[in-house]
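The structure under discussion appears below in the form of structure tokens.
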Amino acid sequence: MSTQALREEDAELHRYYDGELDLLGSDDAEKRFAADEEATRELERLERLSEAMQLAFEDEAAELDSDALFAAIREGVNRVQSSPPPALRAIDGGALDIPSQPPGGRDAESARRAMGLTFGVLALAAAALLIFVVAGGDLGVARLKPSGKQPEAIVEVQPEVVVDPPPGSEVISVDFGESTGTVFAVEGEQGQPLAVVWINDEGGEP
Amino acid sequence: MRANRALFPSISLLGWLSVGLLSLGAAPLAVAQGSDTVEAETLVVLAKEEPGKVDPELAQLPGLRRPPFNAYRSMSVLTRHKHQLAVGKPVDIELPNGRRLRIVLQRELPDGRFRVQASINRPDHKDYLPLLTVVASPGDPFFVAGQAHEGGTLVIGVRLGAKQ
């Protein structure tokens, strides 16, 4: 017999011993194992092992004082419940001390001021250049001339958005009352769902 | 078996009806823009399992040969109604089985679809049970089916407005 077959037979024997086979399987296995000397010996070995373990557990349990064990557990629970909660400790959050001087000292502060001034000057220059360009190069004083007409208001016309309704029909609610029925959908010509309410008409015609 | 068939109606029939309702173009239905009314059409069809004639209005529909929902082999248009639906005002349609179908246009939604409530009165009763609430795009029908009549099944198609 191959190794695989041996393993399977061994597994079946253990399942039989543990009562994990169904009724038919168990009957069939029992007959086969009864006719097999090796299987019979294995089953007897398992029986002896089981009895030995049972005895060992019983001996151990006999020495155990369950009352004392539960008393100790109860005492421990009471001790935990009666003891006051630990006091909260103030933890230093490590508030930052704002330095009187910025990082880098006086030199860094001066450098930052110089940089700010530089950007400001550049911004003013850019604005002046823009005005020069817009005015077409004429740096003269701009004079406002009344145009005689109201400035036009430019209104951007939003394109009309047309939303097509979802195709088909659907049942929102149904009440069959004393009758029974069902709700389903059939496919329309364009594949849209069309609601169908089917009433199982018990009443028939009047 | 019959009960099962009732639960699984001819999808092809309903496909036919949908195309039929969409293609019936003698007078295209129109939505009165800016008003609270919409033109609606209601088609009442009798579908039977026995072999028979299919109304020419419904014949040109691709679902005819679509299995397995080809149980109904004969279809006839019993009635066709055109009416104006005003918001909140019910319209009653007499059905061949003596009942009445009530349709109420609840409102037109911002997306252009219509919210409609339909109900059918119980036999020998005047009150209407709110059967269903449907949202339908213009020109796309919804169907109420299943009532027995003359050995067949009534299939009611309702269409509001017209496709753009």
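Only this structure's heavy atoms are used, side chains among them; waters, hydrogens and symmetry mates stay out. Proteins get letters first, then strands, A, B, ... in listed order; numbering begins at 1 in each.
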Walk me through it: do A:Val171 and B:Thr133 pass the test side chain to side chain contact (heavy atoms under 4.5 Å, CB included)?
CA-CA 6 Å; A:Val171 175; B:Thr133 302; over 6 Å; no

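- Taking CD from B:Gln117 and OG from A:Ser173, the interatomic distance works out to 7.0 Å, rounded to the nearest 0.5 Å.
- Contact detail for A:Ser169 and B:Val134: the closest heavy-atom pair is CB-CG1, 4.2 Å.
- Taken to the nearest 0.5 Å, the CZ atom of B:Phe142 stands 11.5 Å off from the CG atom of A:Leu194.
- Counting heavy-atom pairs closer than 4.5 Å to chain A, the top residue among B:Val144, B:Val116, B:Val135, B:Leu109 is B:Val135.
- Here the CG-CG distance, from A:Asp175 to B:Leu132, works out to 10.0 Å after rounding to the nearest 0.5 Å.
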